[in-house]
Amino acid sequence: MASTFFREPNVITDFPRPTDWHAAAPVVRHDVNPYTNNGGTILGITGQGFAILAGDTRHTQGYNINSRTEKKVWRLSKDSTLVMAAVGFGADALDLRDTMRRAVEDYKFQHNKDMSVSAAAQLLMTVLYGNRFFPKYAYCILIGLLPDGTPRLYSYDPVGSYSKEGERRHAAGAAASLIVPFLDNQVEFKNQYHPYQYDQEKEVIPLSLDTAMRLVKDAFTGATERHTEVGDGLQIITVSKDGVTEEIYKLKED
């Protein structure tokens, strides 16, 4: 009699089968995006014995303004002429700044001299390229002076591509599409011709400091009229044989 009432359960017939809706439920995929674009624009220009690096101070996320005083241009050492700017994902930009500052300070401690601008340019490329499989979402500009006082400007994409010969001008960020053509015309003299000689472009000559400063201010003033991600303040750091100076100008706040 005991064997009639007690038996081993049958996994096929004794347990409920999944309902049709449960069996047909779609697979839910949870995506994670580790990046965001925090807006802003940076700009660099070199001239006769000087280099300028500028950036606005607005930090955004979509249509929200997180900060109106977030600087994007930093000196890498108080004793050297190395200045770096970065725009894109704010957290990655700050991480790159701290990494470069530690490297420059360690170099000074170990060799008892400042890191050269060419060495710093190579180092920044190595840092960015070393993270190419999980890139630092930041577009960087680095400026400094060679031992003879010649200015150098290097620009980078997020995986470290750059020109070892340097550039005369560069812009990156939200308003780059507006500022780069302006710099091409005013710094590289593209599409500028001698009067009544439309087959001969003007020769490229180094800019004076006053002219370059006016171009920087005009570029950002125009950018604030078109881009909500640019504005509030304009930070300008100038590097020359006379030292490093920093200025802050007001931009539109709306």
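What you see below is based on every heavy atom in this structure, not just the backbone, and it leaves out hydrogens, waters and symmetry mates. The model shown is predicted, which means the values in this text are computed figures rather than measured ones.
Shown here for T60 and E229, the closest heavy-atom pair between the two residues is OG1-CG, 3.9 Å. Nearest heavy-atom pair across Y156 and L128 is CB-CD1, 3.7 Å. Closest heavy-atom contact between E201 and Y193: CG-CE2, 3.4 Å. Nearest heavy-atom pair across L183 and A171 is CD1-CB, 4.4 Å. The two residues L96 and C140 make their nearest non-hydrogen contact at CD1-SG, 3.8 Å. Nearest heavy atoms, F189 versus E203: CD1-O, 4.0 Å.
Within the 3.5 Å criterion, the main-chain N or O of V180 finds no donor-acceptor partner in the side chain of R169. In terms of modelled atom types and a separation under 3.5 Å, the side chain of N185 and the main chain of P181 share no donor-acceptor contact. For K72 (side chain) and T41 (main-chain N/O), no donor-acceptor pair under 3.5 Å exists by modelled atom type. The main-chain N or O of N66 is never found under 3.5 Å from a side-chain atom of N64 such that the two would form a donor-acceptor pair. Here the side chain of R58 pairs a donor or acceptor atom with the backbone of T228 at under 3.5 angstrom. Not a single donor-acceptor pair under 3.5 Å links the side chain of T224 to the backbone N or O of V230.
Side-chain contact between R214 and T211 is present, with heavy atoms from C-beta onward closer than 4.5 Å. Side-chain contact check for S240 versus L209: every heavy-atom pair is 4.5 Å or farther apart. In this structure, the side chains of V244 and K78 stay at 4.5 Å or more apart for every pair of heavy atoms. Under the 4.5 Å side-chain criterion, counting only non-hydrogen atoms from C-beta, M100 is not in contact with L82. Between Q235 and I248, the closest side-chain pair of non-hydrogen atoms falls below 4.5 Å. Side-chain atoms of D232 and T69, non-hydrogen and from C-beta on, never get closer than 4.5 Å to each other. A 4.5 Å side-chain heavy-atom check between P135 and Y35 finds at least one atom pair inside the cut-off. Here the side chains of S155 and E167 are in contact, with some heavy-atom distance below 4.5 Å.
Other residues, nucleotides and ligands contribute only 12 or fewer heavy atoms inside 6.0 Å of the CZ atom of R168. No more than 12 heavy atoms of other residues, nucleotides or ligands shown are found within 6.0 angstrom of NZ on K241. A 6.0 Å sphere centred on CD of E165 holds no more than 12 heavy atoms belonging to other residues, nucleotides or ligands. For R226, the CZ atom counts as loosely surrounded, since its 6.0 Å shell holds 12 or fewer non-hydrogen atoms of other residues, nucleotides or ligands. Around the CD atom of Q48, the shell of radius 6.0 Å holds no more than 12 heavy atoms that belong to other residues, nucleotides or ligands.
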Note to self: Walk me through whether L123 and M115 qualify under side-chain contact (heavy atoms from CB on, under 4.5 Å).
What the structure shows: CA-CA 10 Å; L123 173 63; M115 182 182 292; 4.1 Å; yes
Check: Yes or no on side-chain contact (heavy atoms from CB on, under 4.5 Å) for S118 and R152, after CA distance, side-chain angles and deciding distance?
Finding: CA-CA 8 Å; S118 58; R152 279 288 182 268; over 6 Å; no
Next item on the list: Could you please spell out the steps behind the side-chain contact (heavy atoms from CB on, under 4.5 Å) verdict for L251 and T57?
Entry: CA-CA 9 Å; L251 295 174; T57 60; over 6 Å; no
Note to self: Pair K252, F220 - check side-chain contact (heavy atoms from CB on, under 4.5 Å), show working.
What the structure shows: CA-CA 10 Å; K252 289 183 65 176; F220 276 93; over 6 Å; no
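At a threshold of 4.5 Å between side-chain heavy atoms, the hydrophobic network of Ile, Leu, Val, Met, Phe, Trp and Tyr places L76 and L146 in one connected group. Linking Ile, Leu, Val, Met, Phe, Trp and Tyr whenever their side-chain heavy atoms come within less than 4.5 Å puts L234 and F182 in one cluster. The hydrophobic clustering, which links ILVMFWY residues whose side-chain heavy atoms are closer than 4.5 Å, places V104 and L145 apart. Side-chain heavy atoms closer than 4.5 Å link hydrophobic residues (I, L, V, M, F, W, Y) into clusters, and following such links, even through other members, never connects V73 to L94. A continuous path of ILVMFWY side-chain contacts below 4.5 Å connects I42 to I143, so both sit in one hydrophobic cluster.
Summarising the geometry, atom NZ belonging to K217 is positioned 13.5 Å from atom CG belonging to L43; distances are rounded to the nearest 0.5 Å. The line from CD of Q122 to OH of Y162 is 4.0 Å long, rounded to the nearest 0.5 Å. In this structure, NZ on K113 lies 15.0 Å from CG on D79, to the nearest 0.5 angstrom. In this structure, L124 CG and Y154 OH are separated by 11.5 Å, a value rounded to the nearest 0.5 Å. From I65, atom CD1 reaches atom CD of E70 across 13.5 Å, with rounding to the nearest 0.5 Å. Rounding to the nearest 0.5 Å places CZ of R102 at 6.0 Å from CG of D98.
Between D148 and T150, the side chains place a donor N or O and an acceptor N or O closer than 3.5 Å (distance only, hydrogens not considered).
Taking the six-membered ring for Trp and thresholds of 30 and 60 degrees, Y137 and Y139 have ring planes more than 60 degrees apart, a perpendicular arrangement.
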